[in-house]
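Just so it is clear, the model here is predicted, and its values are computed rather than measured. Quick note on labels: first sequence line is chain A, next is B, and so on, each numbered from 1.
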Number of protein chains: 2
Amino acid sequence: MTNATRTWAGTTLADRRAIRRQQLIDAGIELLGGGDTAAVTVRAVCRTAKLTERYFYESFADRDALMLAVYEHVAESARQAILNAMVDVEPRPEALARAAVTAFVELLIDDPRKGTVLLLAPITEPALNKRGSELLPTFTAMIHDQLPDSYDETDRKLTATSLVGALTYLFISYLDGSLDVPRDRMIDHAVRMLVAAASP
Amino acid sequence: MTNATRTWAGTTLADRRAIRRQQLIDAGIELLGGGDTAAVTVRAVCRTAKLTERYFYESFADRDALMLAVYEHVAESARQAILNAMVDVEPRPEALARAAVTAFVELLIDDPRKGTVLLLAPITEPALNKRGSELLPTFTAMIHDQLPDSYDETDRKLTATSLVGALTYLFISYLDGSLDVPRDRMIDHAVRMLVAAASP
DNA sequence: GTACGGTGACAACGACCGTTTCCAGTTGGA
DNA sequence: TCCAACTGGAAACGGTCGTTGTCACCGTAC
């Protein structure tokens with residue numbers, strides 16, 4: 001019988017399970033962040049996490065469940081980083097956009113694996129297609145709703161979609177090194193696109 | 001011994017081999033155009049082409065070789081469609097851009113599988129990563145070189161990359177139905193972005 | 001001190017993949 | 001007519017995957 005309160009090596013069962021779960025998610029980020037979806041096998045994740053397969057299925061129903069957990073974990077950390085950057089800035093649209101973009105780009109630089117997971121993995125990994133085809137459209141809808149009324153509905157859709165495409169490809173190119181420009185110039189360019197679209 | 005000149009059912013060996021090769025490529029377009037890279041197995045391609053595995057390896061060294069051939073075949077048809085549309089149009093930049101974009105969009109509508117192969121498959125399929133990470137940068141470089149001198153080098157890179165990202169994501173969204181706008185408006189928007197970037 | 005829950009390593013299973021090989025049948029020129 | 005080339009179907013091989021099961025060990029609570 002399982003007793004969650006019984007201590008073991010100074011920790012409870014629930015604690016140890018949570019730690020192992022986090023180890024598996026970290027291993028997932030490490031592997032999925034490498035860009036090669038096929039490399040993220042259950043065996044590889046367990047080897048990276050220094051755990052055995054039995055513990056994998058202790059925390060996740062199947063491989064897809066880990067993929068989703070990894071993605072959600074990274075997405076949440078990005079959300080927090082962006083929100084934190086936006087709280088202590090004057091509430092002008094341009095300043096807010098700059099803060100958000102800067103925070104996101106800094107996240108990418110600080111840990112490129114996270115950028116890969118966020119931008120590339122949802123396209124590459126079938127298990128994330130559904131969830132991933134949720135975040136970009138959500139982002140698109142957010143921009144769509146901020147656009148001025150001087151555009152008609154069709155123009156707003158087109159502008160929002162173009163913006164999201166431009167930003168994601170910009171970041172992806174920056175990530176993989178094919179876009180060789182100073183960080184500040186890229187942030188400037190991204191912010192300028194956002195501001196230009198928002199002005200009537 | 002193989003005798004390529006001997007006729008068989010009214011055709012030569014070389015003819016029949018070419019036909020089978022084309023059947024396999026068509027099957028590859030059909031499957032790869034479905035968007036699910038993992039569905040493109042050698043067995044599935046052969047079943048779709050109504051041929052057996054032996055004929056697969058008669059025309060292609062391995063699975064990757066078929067993938068490349070499929071991609072090149074589609075890319076070539078797109079190149080031809082675009083060039084044909086540009087020859088009989090007045091040589092003003094805007095008219096040329098409009099002709100090219102219109103031709104490409106019409107190709108997408110005429111056969112969405114080709115659009116999927118061109119825009120999605122290079123990201124999804126490892127065998128095409130190298131080749132696919134060649135076409136978009138080539139396109140980016142083309143735009144980059146057309147941009148006016150009033151931009152500095154960094155600005156040209158940023159603008160070209162943003163444009164390519166915006167256009168591809170626009171087309172992908174249009175392809176999968178998530179961008180519900182009239183065809184003409186999308187073409188207009190795409191052309192407008194190109195023209196706006198080119199004007200100093 | 002001992003019994004038991006937690007642990008770790010790893011074999012085993014069935015499925016699918018890419019690739020090769022075999023074989024029985026058909027076709028057309030010598 | 002006979003034989004060699006070509007055809008079509010399918011089995012077979014070696015490998016990897018996701019997933020489950022087994023078994024010996026070890027630390028802790030009683």
Heavy-atom count around Asp149(B) CG within 6.0 Å, excluding the residue itself: above 12? no
Could you tell me whether Arg113(A) and Asp26(A) have a side-chain N and a carboxylate O separated by less than 4.0 Å? no
Between Ser178(B) and Asp176(B), a side-chain donor and acceptor under 3.5 Å: yes
Between dA10(D) atom C1' and Glu53(B) atom CD, what is the distance in whole Å? 8 Å
Value in whole Å for how far the P atom of dT7(D) lies from CZ of Phe56(B): 18 Å
Choosing from dG18(D), dA9(C), dT19(C), which nucleotide comes nearest the side chain of Asp62(B)? dT19(C)
Atom-to-atom span, CD of Glu58(A) to C1' of dT20(D) - whole angstrom: 15 Å
Closest to the side chain of Tyr57(B), out of dT19(C), dT20(D), dG6(C), is dT19(C)
Distance check needed: dA10(D) P versus Lys50(B) NZ, whole Å only. 14 Å
If you check every side-chain atom of Thr41(B), which of dC17(C), dG8(C), dC22(C) has the closest atom? dC17(C)
Separation of atom CG in Leu51(A) from atom P in dT7(C), rounded to whole Å: 10 Å
Of the nucleotides dG18(D), dT7(D), dC17(C), which has the atom closest to the Tyr55(B) side chain? dT7(D)
Rounded interatomic separation in angstrom, taking CZ from Arg54(A) and C1' from dT7(C): 6 Å
Round to a whole Å and report the spacing from CZ of Arg17(B) to C1' of dT7(D). 14 Å
Please pick, from dC6(D), dC17(D), dC10(C), the nucleotide with the shortest atom-to-atom distance to any side-chain atom of Arg43(A). dC17(D)
Salt bridge present between Glu106(B) and Arg183(B) (N-O < 4.0 angstrom): yes
Rounded to the Å, how far apart are Gln23(A) CD and dT7(C) C1'? 13 Å
